[in-house]
Amino acid sequence: MAIFDACGKGQLYEKGWEMLILGVHREPWHDTGAAVLVERGGKVELVSVTQERLDRVKDSRAFPSDAIEYCLDAVGAKQQDVDLFVSDYVEVPVWNKDRLIKGDYHPLLHNVTDPRVGTLDAPVEKVAMINHHQAHAASAFYASPFDEAAILVVDGRGSDKETQSLYVASRKDGIRLLEKSDRLGLGLLYATITVKIGFGILNEGKTMGLAPYGYQLSADIIDWSKRRFEGIHTDYSRLCGGRYELHDPLPPMTEQTKARLAYEVQEEIERGMLHLARHARQVTGAKHLCIAGGVGLNSVANYRLLREGLFEDVFIQPACSDTGLPLGCALHGYYQIMKGNIRWKFSGPYLGRQYSKSEIEDAINSFSGYEVSPDPSFNKTMSLLVENKVVGWFQGRSEIGPRSLGCRSILMSPCVAENKDLLNARVKHREAFRPFAPAVLEERAQEFFNLNRPSPYMLLIADVKKEKQSLVPAVTHVDGTARVQTVNRDANQPFYRLIELFGEQTGVPVLLNTSFNVAGEPIVESPQDAIRCFLSTGIDALLLEDVLLIKRMEPKTRG
Ligand SMILES: [Fe+2]
């Protein structure tokens, strides 16, 4: 920690570097953001943030000016210090028509909707535009532990309207595209059913949560015989159109119909991903597989794929949605364009900037309605959890990607069945059917879950062991599964220690871990965001780095 504080204003490094690359994912896509890669002193380091965390608009499509400034500021750099700008491109004419700016600067890095705002003045010779799927592929492979791998990218659509791509990669030769599909694929199928159920776009996670409720409810609603699997293609064009419509009429949309649709599409995603994985293995002969693109967030499909044992190991980029694209752009720029040769050691998705002690103090002094606990220890925090309090947890650098993994989290005891409803009523306000996830000490995960490998990014679903379900009812889904995060001591020491203490006290080394936000809002980023969320919800206490805030109880008036 001292290294961060010593640099002031949350900067990660003293000024000075051998190379600085800025990766940008910009509008009109959703989840815009930025990443800065620095090579310095024989090491590669990254900072990355999604624009939504800063402008506080969920899935923000804004030009990522705030994210760019945040990342450059974290390393003490300015735009003119950047050696290479890398962004993914969009080949849709209607989106490009406003980009008529000419001159010495690259037009594609200007704001589409308003060129006067958020312009990135990048000299043409320092700009590289890369394919959206290529950026996804780089984000997964260069973060993976593999020297060689096949890479599957599966999302809605990429730069050239492709839906699924297969790459082969090696540290020596880089990443090479083998095949791609432009047919209506798994991502758009899942999005279409999600819209039909009524959850709206970008809410596929809700469909996954609803799916177990549709098991054996009735016969198939969708005629799945109409799909075609062929090589890299999983073609659903005889079932769906491109604008979230289904060709065949649906029965009346009752709760049962919704659950059945969710169940069917979930099963289909699993079949489709298995087909693609088998195809990737057959074509590349690779022992390892990397997965990126939004469909990689489907933790149920991921674990089914792993259990098939098609590959010796599989790495799923924790920011496999478009939130990981800035990272992929920066990594592609470093390894494939600048031919950087220092290996980036990916030790977790904690890529936000550090907040200094004075920034934390300023935030605490800007609000009221709480007391600073004289005992800010982890022991005290643990005892609040044992007393069944709701605890906000803000530690270190924020996580990139859609999941909170122990740096911006809301925590509760998993041992009380009612905690799910209690948390929903007091803080999260989510649909009642959606499960909450457990974070468990890595070494003790197998005592509670049928999981034969670490799951550090909450991207795998596993069965909760029958005899343990009554011990962790708040994180056991209706079908007896859980979306598990295994916590490694070295990857996140404070979080590990807290769970360890809770385990020593209760015998259950597990905590309910959900993202630090309320429904419809982005995860908190700054200390101010965290305090605001703490004060506006039913969170009882907030550990903000090493300061424990306890909400002040208003005296009840007699009446
Ligand atoms: Fe994507």
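Whatever order the structure lists them in is the order used to number ligands and atoms, beginning at 1. Each residue takes its place number in the sequence, starting with 1.
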Metal proximity, H133 vs the Fe ion (ligand 1), N/O/S cut-off 2.8 Å: no

Only one of F315, Y334, Y335 forms a ring-ring contact (aromatic ring centres under 6.0 Å, His included) with Y142, so which one is it? Y335

Could you check whether R176 makes a cation-pi contact with Y167, meaning its NZ or CZ is under 6.0 Å from the centre of the six-membered ring and within 45° of the ring axis? no

cation_pi(R171, F141) dist<6.0 Å, angle<=45: yes

Checking one value in my table: which N/O/S atom of D322 lies closest to the Fe ion (ligand 1)? OD1

Apply the test side-chain contact (heavy atoms from CB on, under 4.5 Å) to residues D182 and T163: give CA-CA distance (whole Å), side-chain angles for both, the deciding distance (0.1 Å), then the verdict. CA-CA 5 Å; D182 60 0; T163 52; 5.8 Å; no

Shortest-distance N, O or S atom of H132 relative to the Fe ion (ligand 1): NE2

Only N/O/S atoms count here: what is the atom of D155 closest to the Fe ion (ligand 1) called? OD2

